[in-house]
S.K.: 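Sending over a structure as structure tokens; questions will come in a sec.
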2 protein chains.
Amino acid sequence: MASNSRVTIAAHALAWLELARRRGQGSLTSDEVAASVNTNPVILRRSLGDLKRAGLVTARRGTRAGFSLARPAEEITMYDVWMAVAAEPLLALHRSEPNKECPVGNGIQPVLTDVYDEASSAFGTALSRRTIADMLDRILK
Amino acid sequence: MASNSRVTIAAHALAWLELARRRGQGSLTSDEVAASVNTNPVILRRSLGDLKRAGLVTARRGTRAGFSLARPAEEITMYDVWMAVAAEPLLALHRSEPNKECPVGNGIQPVLTDVYDEASSAFGTALSRRTIADMLDRILK
DNA sequence: CGGGTTGTAATAGGAATGGTTACGATGGCA
DNA sequence: TGCCATCGTAACCATTCCTATTACAACCCG
């Protein structure tokens, strides 16, 4: 399990927030979301913090506190979620600089960066076709 | 630096093998490849082992040992490389099972799997458009 | 002001990775 | 046949990242 499950957790939280909204529940606490995702509330507060910074959710503090979607679930795509929580690129370059004396070592990094950027862009485009609303509809089916 | 640099190392090795071939050098040892990638020969033997299992390179043992491409560099794509060395999916599902009592926790995994599969497929398609020969040409330009 | 919740720091455990050493297996060549 | 360079792989370590957990200050509604 090397790769992040952060996108999964964030998508799960957003879907749950949208379901709560449809049920007439204004907001959910990190405890309530954590119970569905089956993890610690702090993990959720961190993930939801990323989503808040990206403008996807709003948080209220105080006694009647909790999280809710900042805009319609039809207008939140998986690309938005990915951008909000994924820090690392999908594929990494060399850990230690390649040997610049060798023609391949010297010139490979910009070429690989191009290739990885193209592929990641295609990945993002595919994600942008799915919204939280779509996904919740499928989940409930 | 969470994500793998294995694809990078493997692509680098293949480009270097192809350059050696163009220069008339039949094969390279793991030491020679490691010198260009700037890492340990054992790392290269591990990566090249993956590539060998995928049929992209051949290895000879004994005194005159070394690695060489198993087929023309024009027919090895970055998708082949990715498939050969990437063990983990690009995005992971939940680390611990979500709560099946909750409708979202119960139904979200197949939906997410679909979305991730679609996006990964788009990623792979983009990679399949670049061959080792293409990349080496760009590197040497 | 009281109580419940967010926001975040500190820390720990576990997993994966790259790196390193070591050594048996292989096979060309003297 | 025996040497020796090199592959193939196991074992181990250090580092890094992720999730989980505890703790607590900041916040704000009633």
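The analysis underlying the following values was restricted to heavy atoms, covering all of them including side chains, and did not include hydrogens, waters or symmetry mates. Lettering of chains follows the sequences in order, A, B, ..., and the numbering in each one begins at 1.
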S.K.: What protein N or O atoms touch nucleotides 27-30 of chain D N or O atoms at under 3.5 angstrom, if any, and at what distances?
M.R.:
unit_1: dC29(D); atom_1: O2; unit_2: Thr63(A); atom_2: OG1; d: 2.5

S.K.: Take the C1' atoms of the five end pairs on each side of the helix from dC1(C)-dG30(D) to dA30(C)-dT1(D), get both axes, and report the angle to 10 degrees.
M.R.: 10°
S.K.: Out of dC7(D), dG19(C), dT5(C), which has the shortest distance to the side chain of Arg95(A)?
M.R.: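 Minimum distance to the Arg95(A) side chain belongs to dG19(C).
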S.K.: Using the side-chain heavy atoms of Ile43(A), tell me which of these nucleotides is nearest: dT17(C), dA20(D), dG8(D).
M.R.: dA20(D)
S.K.: Where the side chain of Val42(B) is concerned, which of dT19(D), dT21(C), dG7(C) is the nearest nucleotide?
M.R.: dT21(C)
S.K.: Just the rounded figure in Å: distance from C1' of dG13(C) to CG of Asn40(A).
M.R.: 14 Å
S.K.: Does anything in residues 7-39 of chain B reach DNA chain D, meaning a heavy atom under 4.0 Å, and if so which residues?
M.R.: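 Within residues 7-39 of chain B, the residues near DNA chain D are Thr29(B), Ser30(B).
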S.K.: Counting only side-chain heavy atoms from C-beta out, which of dC7(D), dT19(D), dT5(C) sits nearest to Ser5(A)?
M.R.: dT19(D)
S.K.: Which residue, Arg45(B) or Gly49(A), contacts DNA chain C at a nucleotide closer to its 5' end, judged by nearest heavy atom?
M.R.: Gly49(A)
S.K.: What's the closest nucleotide to the Asn4(A) side chain, out of dA23(D), dC18(D), dC7(D)?
M.R.: dC18(D)
S.K.: On DNA chain D, compare the nucleotides closest to Phe67(B) and Ser96(B); which residue's is nearer the 5' end?
M.R.: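 Result of the comparison: Phe67(B).
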S.K.: When you look at His12(A) and Leu112(B), which way does the side chain to side chain contact (heavy atoms under 4.5 Å, CB included) test go after all the steps?
M.R.: CA-CA 9 Å; His12(A) 188 147; Leu112(B) 276 178; 5.7 Å; no
